[in-house]
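Counting begins at 1 with the first residue of the sequence.
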Amino acid sequence: MRFETTLDPSGLPNSIRQMVGIAGWQSWKRRVESLRAVSGKNPAWDRYLIDRHGLEMAFGEIHHYLQTRGRYLWPPRTAEQYRFYSFASVAARVHHRLSERARRRFTGAMRNALKKEFGLAPLAFEMKIVTHLINRGFDVDFHDLESGGGFDFLASRQDTQVEVECKHISADIGRQIHRRKLHDLGGTVYPEIARAIDQGCGGRFLQVTLPGRLTSDKEQQSALSQRIASVLSGGAKDVNDEVCRISAQTFDL
């Protein structure tokens with residue numbers, strides 16, 4: 001498989017319609033709405049959502065612009081919007097050239113990405129590698145989608161064949177404090193921090209140390225929030241128990 005990889009603004013409306021049609025509008029709609037709902041409840045999420053789900057957020061922005069202005073946003077205003085346009089353009093071209101069996105697998109992969117925590121980033125990474133290979137003169141066979149298993153792509157150029165396996169890993173691997181769980185905790189603690197700021201008691205630095213992993217368990221988050229609130233309100237100077245250890249310092253703003 002080879003195709004033109006240049007991003008043509010005039011072809012974007014058709015590419016986006018095709019790409020959205022792969023997974024279906026409802027899958028995209030539910031994804032964007034769920035991400036926006038999280039962002040609205042927890043301001044600590046915004047940076048994380050851009051880093052981890054920038055493509056989905058960019059789609060929401062572009063679709064909103066289309067609804068309000070009657071045309072697609074061009075030129076893109078953010079790096080994430082440009083990445084989305086690039087992804088949509090390549091995904092539509094790839095899907096069009098796959099066999100019927102491979103198209104069904106590609107559709108399943110995109111729908112799964114729009115449901116799961118990892119999002120579209122791994123799939124977008126694969127499309128980026130495909131573009132990279134084609135731009136360097138390779139023909140790309142989607143081995144995994146067409147045949148199943150083994151490796152992702154077979155890249156061929158003249159007498160050279162390369163088996164390509166894409167791996168997109170999380171920056172949280174090996175860490176006991178995962179970013180998503182930390183930002184989730186931030187939403188729980190945020191009201192207590194806001195109250196402390198409203199009290200205007202100067203600056204405070206809290207160092208919170210956990211005995212083990214930070215989990216998504218709401219009981220753990222609630223216990224941590226209660227102890228942090230106690231220190232912020234002056235009810236306790238330090239904390240050292242089975243939940244966490246907190247040391248606090250004050251400073252002038």
Side-chain angles (χ1 to χ4, degrees), residues 1-25 27-28 31 52-63 66 71-116 118-170:
M1 180 189 299
R2 294 186 72 178
F3 50 81
E4 176 59 52
T5 60
T6 303
L7 180 60
D8 179 11
S10 66
L12 278 176
N14 188 49
S15 293
I16 293 176
R17 283 193 294 269
Q18 290 178 355
M19 193 271 299
V20 172
I22 294 172
W25 161 245
S27 295
W28 283 93
R31 181 63 159 188
R52 185 63 65 88
H53 301 293
L55 290 173
E56 295 99 309
M57 299 298 286
F59 169 76
E61 295 163 358
I62 291 168
H63 183 262
L66 175 63
R71 59 185 178 85
Y72 283 95
L73 174 63
W74 188 267
R77 295 175 178 173
T78 66
E80 287 74 24
Q81 291 172 1
Y82 183 84
R83 286 178 55 231
F84 173 79
Y85 281 144
S86 299
F87 170 65
S89 179
V90 175
R93 294 173 192 182
V94 167
H95 185 264
H96 178 70
R97 290 165 173 80
L98 293 172
S99 68
E100 189 61 34
R101 179 185 182 186
R103 285 182 183 179
R104 290 195 296 269
R105 288 179 170 173
F106 191 81
T107 296
M110 186 169 289
R111 285 178 177 170
N112 194 42
L114 290 171
K115 293 178 182 177
K116 302 295 184 180
F118 53 76
L120 288 169
L123 185 58
F125 178 67
E126 290 187 8
M127 297 299 101
K128 185 176 182 179
I129 295 301
V130 169
T131 303
H132 174 82
L133 292 168
I134 290 176
N135 284 341
R136 280 149 185 79
F138 284 92
D139 287 303
V140 179
D141 173 41
F142 283 72
H143 174 80
D144 188 33
L145 290 175
E146 295 288 0
S147 303
F151 52 91
D152 291 325
F153 314 122
L154 181 66
S156 306
R157 186 176 64 185
Q158 298 176 356
D159 296 330
T160 301
Q161 288 188 325
V162 182
E163 295 178 0
V164 181
E165 175 71 17
C166 296
K167 295 297 182 184
H168 187 275
I169 63 174
S170 167

- Message: Applying side-chain contact (heavy atoms from CB on, under 4.5 Å) to Ile16 and Val20, what does each step give before you reach the verdict?
- Response: CA-CA 6 Å; Ile16 293 176; Val20 172; 4.0 Å; yes
- Message: According to salt bridge (Lys or Arg N to Asp or Glu O under 4.0 Å), who are the partners of Arg2, at least two apart in sequence or on a separate chain?
- Response: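 Partners of Arg2 by the salt bridge (Lys or Arg N to Asp or Glu O under 4.0 Å) criterion, ordered by chain and then number, come out as Asp139.
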- Which residues pass the salt bridge (Lys or Arg N to Asp or Glu O under 4.0 Å) test with Lys167, sequence neighbours left out?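 So Lys167 forms a salt bridge (Lys or Arg N to Asp or Glu O under 4.0 Å) with Glu165.
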Side-chain touch [X]/[Y], heavy atoms, less than 4.5 angstrom:
X      : Y      : result
Glu61  : Gln81  : yes
Phe125 : Ile129 : yes
Leu98  : Met1   : yes

- Within 6.0 Å of CZ in Phe118, more than 12 heavy atoms from elsewhere: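 It does: Phe118 CZ has more than 12 such atoms within range.
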- Item | More than 12 heavy atoms from other groups under 6.0 Å of CD on Gln158 |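 12 or below, so no.
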- Query: Asp8 and Thr6: side-chain donor and acceptor closer than 3.5 Å?
  - Reply: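 On atom types as modelled, these side chains do not qualify, holding no pair under 3.5 Å.
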When rounded to the nearest 0.5 angstrom, what is the spacing between [atom1] in [X] and [atom2] in [Y]?
X      : Y      : atom1 : atom2 : result
Arg136 : Thr131 : CZ    : OG1   : 10.5 Å
Leu73  : His63  : CG    : NE2   : 13.5 Å
Phe87  : Glu126 : CZ    : CD    : 9.5 Å
Asn14  : Gln18  : CG    : CD    : 4.0 Å
His168 : Leu120 : NE2   : CG    : 10.5 Å
Thr160 : Phe138 : OG1   : CZ    : 6.5 Å

Where [X] and [Y] come nearest, the two heavy atoms and their spacing:
X      : Y      : answer
Phe153 : Val130 : CZ-CG2, 3.5 Å
Ala88  : Met19  : CB-CE, 3.7 Å
Leu154 : Gln161 : CD2-NE2, 4.0 Å
Ala92  : Ser15  : CB-O, 3.6 Å
Met110 : Ala23  : CG-CB, 3.8 Å
Met127 : Ala91  : SD-CA, 4.2 Å

- Applying side chain to side chain donor-acceptor pair (under 3.5 Å), which residue pairs with at least one partner in residues 92-113 are found, sequence neighbours left out?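 Those involving residues 92-113 are Ser89-Arg93, Ser99-Glu146.
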- What is the ring orientation for Trp74 with Tyr85, classed by angle as parallel under 30°, tilted 30 to 60°, or perpendicular over 60°?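 Judged by the thresholds at 30° and 60°, the geometry between Trp74 and Tyr85 is tilted.
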- Query: Any idea how Phe84 and Trp28 line up, ring-wise: parallel (<30°), tilted (30 to 60°), or perpendicular (>60°)?
  - Reply: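 Perpendicular, since the angle between the ring planes exceeds 60°.
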